[in-house]
Amino acid sequence: MIVLPVLSVAGMELLERGSLHETVQWITTNRPLFLLNVGLSFCLLAFIYAVVGSLAISGSITTLLLGLMALISYMKVKMIGEPFFPWDILLNKESMDIASLVTGKAALLRIGAVVIAVILVFLLKWILPRISFSIISRIGLGLFSLYALYAFAIKTPLAGKILDHLGVNEIVWNQKENYANNGLALAFTLNVKNSIVQKPETYSDQSIATVAANLQEAGTQTAGLKKSVDADSLKGKKPNVIFIMSEAFWDPTLLTNVKFSEDPVPTLHRLQKESSSGYLLSPQFGGGTSNVEFEVLTGNSMSFLPGGSIPYQQYITKPVPSLASYFADQGYKSMGIHSYEGWFWNRNSVYKELGFESFKSSEYFVNPETKGYFISDAEVSRSIIDEVDKTEDPMFMYTVTMQNHGPYDEPRYGENQFKAQGDLTPEAKTILETYAQGAHDADQSLQMLIDHFKQSDEPTMIVFYGDHLPMLGLDYQVYKEAGFIQSSNANNWSLEEVKKMHSIPLVTWSNFDMPKQDIPLLSDSFLGAHVLDMLHMEKPANFKLNAELAAQVPGLLSNLVVDANQELHAKVPESSQALLNDYRNVQYDLLFGKQYLAEHIDHDYLTKTSQDKYNAEFGEEHVQAAGVNSNSPPAKPVSAQ
């Protein structure tokens with residue numbers, strides 16, 4: 001019971017770090033932290049033993065659980081740069097879907113090592129002497145172990161003193177470093193309490209009332225300055241507003257030492273010259289698409305939430321004001337489209353709480369075209385055109401594509417049209433060329449929409465961007481080989497490198513007159529307010545506050561702040577701290593607080609409930625009439641089947 005936790009912690013760290021030297025170095029230089037990890041593992045073993053009563057079986061179960069933690073954390077870090085968090089347990093089906101994309105010799109070796117370790121521990125059943133504890137002793141041991149785990153998970157005063165005495169430094173804003181410094185078992189346990197967002201110290205009814213008063217005063221001062229979009233160009237109609245968040249869309253020609261045989265994204269480059277365009281600062285890299293949706297649709301920021309958290313899974317359990325509910329109030333039909341299954345990231349439920357009227361997921365695409373592993377971007381564009389053309393009301397549409405989701409290590413489109421030239425290994429070259437082919441298809445699907453709405457008499461605006469940079473190989477392989485970053489360890493990136501690895505191209509297009517704007521950099525959470533300004537639509541309270549903060553701090557991540565002069569900071573400048581506190585307080589009020597803001601301003605919008613007939617058009621009757629099986633698996637190409 002003492003030796004096994006010691007070996008388990010050493011094995012977990014070796015599995016996740018991938019280097020015996022780094023593991024030994026961490027153990028020898030952080031001995032108190034190592035022993036604390038061992039103590040937590042011992043408590044887990046003791047609790048399971050108290051329940052099971054067999055030491056060998058308890059040891060094998062403990063080894064399996066700790067081994068799975070290390071495996072999942074290793075895979076997550078390699079794929080998207082984030083370790084395993086307590087709230088990841090809620091992902092269930094998403095986890096299995098992502099796990100199916102993980103391949104490679106290193107992963108298989110780790111899986112094999114865990115299986116062998118579990119078997120060896122179980123075989124001790126026939127070697128170890130049987131030890132018999134009374135039921136009272138087992139209950140006492142189990143309760144003690146459970147309390148110890150609970151105390152460190154929620155950080156009770158006594159546990160806090162122990163952590164402080166041992167020099168534990170919890171780095172919630174940089175979870176990868178947090179796990180590297182404190183060890184997997186301890187960092188995971190400490191993150192349990194982060195599943196609940198703490199109330200800001202400055203949050204109160206009075207502080208929110210002050211924010212509301214300031215917003216009302218600012219609104220009065222600017223009300224006379226607003227000009228509507230040219231009535232002639234709109235032909236007396238409200239414009240359709242179509243957001244397209246293209247899966248992993250990025251400009252591969254930005255890679256430092258790489259050239260392509262031809263331009264893979266010509267539409268993007270043309271719109272960057274002709275229309276309002278710029279870059280968005282994404283809170284994600286390589287995954288976590290729903291967190292980008294969360295920022296854009298609600299105007300809230302991931303920088304105020306625990307690192308690695310997933311609001312769609314954890315926090316959105318009641319109606320939350322969003323762009324969807326705002327446009328619905330303006331007489332629009334608010335619709336979401338995603339070419340993957342509706343359960344993923346809990347969108348079926350979340351879109352209802354965000355105020356959408358309907359959500360068209362892959363289950364409701366009839367005989368869709370697929371390309372690679374998923375429904376094609378061209379099919380999504382055709383779906384957008386169909387839904388807009390058949391709907392009488394103006395539409396607000398939030399679209400998420402899926403075709404160019406990773407991995408890219410196989411030429412899944414057959415012969416790639418775009419050849420990369422540069423100092424790349426054959427593996428990196430294949431990954432980049434496969435990605436570029438998918439990016440080209442996304443670019444052409446945008447052009448398809450432009451060609452259609454050019455001929456339409458319905459005024460329409462398209463906002464097109466990616467959710468995050470693609471994961472081009474494990475450990476940022478392509479970016480490192482191309483010289484785009486200097487280190488494959490994200491903890492060593494400069495602020496400029498952090499900015500580059502989170503900056504996504506943004507382009508807009510409209511078939512009515514709209515002045516061209518250059519957008520150097522804007523956080524995803526501020527995009528909604530900016531689009532409402534471009535359309536000269538009155539902003540609701542929370543988006544007004546977004547616009548005020550964006551004027552001072554247009555870029556906001558947990559580890560990077562970009563000011564109005566495009567200068568980079570590790571934290572918010574003191575001059576903007578008060579406004580940032582207002583933003584944090586309003587976000588807490590809307591998501592977790594007592595909705596004080598609605599008592600002072602925009603009550604109807606801020607307290608709007610979900611639509612009564614949510615997704616009625618895609619109900620069971622529609623499914624049967626369209627010949628769609630709502631329980632059918634996602635569309636796949638013949639080769640994948």
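Starting from 1, each residue takes its place in the sequence as its number.
For the salt bridge (charged side-chain N to carboxylate O under 4.0 Å, His left out) test, no residue two or more places apart in sequence or in another chain qualifies with Arg138. With sequence neighbours excluded, the residues forming a side chain to side chain contact (heavy atoms under 4.5 Å, CB included) with Leu560 are Leu281, Leu495, Val498, Lys499, Leu557, Val562, Leu568, listed by chain and number. Checked against ring-ring contact (aromatic ring centres under 6.0 Å, His included), Phe47 has no partners two or more places apart in sequence or in another chain. With sequence neighbours left out, the side chain to side chain contact (heavy atoms under 4.5 Å, CB included) criterion links Ser494 to Glu496, Glu497.
In this structure, Arg347 pairs ionically with Glu293, as a charged nitrogen and a carboxylate oxygen lie closer than 4.0 Å.
When only modelled atom types and interatomic distance are considered, Gln284 and Asn291 share a side-chain donor-acceptor pair under 3.5 Å. Residues Thr63 and Ser60 have side chains that never bring a donor and an acceptor to within less than 3.5 angstrom of each other.
Looking only at side-chain heavy atoms (C-beta outward), Phe188 and Pro86 come within less than 4.5 Å of each other. Two residues are said to be in side-chain contact when any heavy atoms from C-beta on lie closer than 4.5 Å; Val114 and Leu71 meet this criterion. Two residues are said to be in side-chain contact when any heavy atoms from C-beta on lie closer than 4.5 Å; Pro83 and Tyr74 fail this criterion. Side-chain contact between Leu36 and Pro32: absent, with no pair of heavy atoms (C-beta onward) separated by less than 4.5 Å. Within the 4.5 Å cutoff, no side-chain heavy atoms of Ile27 are placed close to those of Val9.
A cation-pi arrangement is absent between Lys199 and Phe592, since the terminal nitrogen or guanidinium carbon is not both under 6.0 Å from the aromatic centre and inside a 45° cone about the axis.
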Table please: side-chain donor-acceptor pairs of residues 301-308 below 3.5 Å, with sequence neighbours left out.
| from | atom 1 | to | atom 2 | distance (Å) |
| --- | --- | --- | --- | --- |
| Ser301 | OG | Ser303 | N | 3.1 |
| Ser301 | OG | Ser303 | OG | 2.6 |

Quick one: side chains of residues 150-159, donor-acceptor pairs under 3.5 Å with protein atoms, not counting sequence neighbours, listed by atom name and distance.
| from | atom 1 | to | atom 2 | distance (Å) |
| --- | --- | --- | --- | --- |
| Thr156 | OG1 | Ala159 | N | 3.4 |

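No donor-acceptor pair under 3.5 Å is formed between the side chain of Arg584 and the backbone N or O of Tyr203.
Between Phe484 and Trp250, the gap from one ring centroid to the other is short of 6.0 Å. Taking the six-membered ring for Trp and the full ring otherwise, Trp345 and Tyr351 have centroids separated by 6.0 Å or more.
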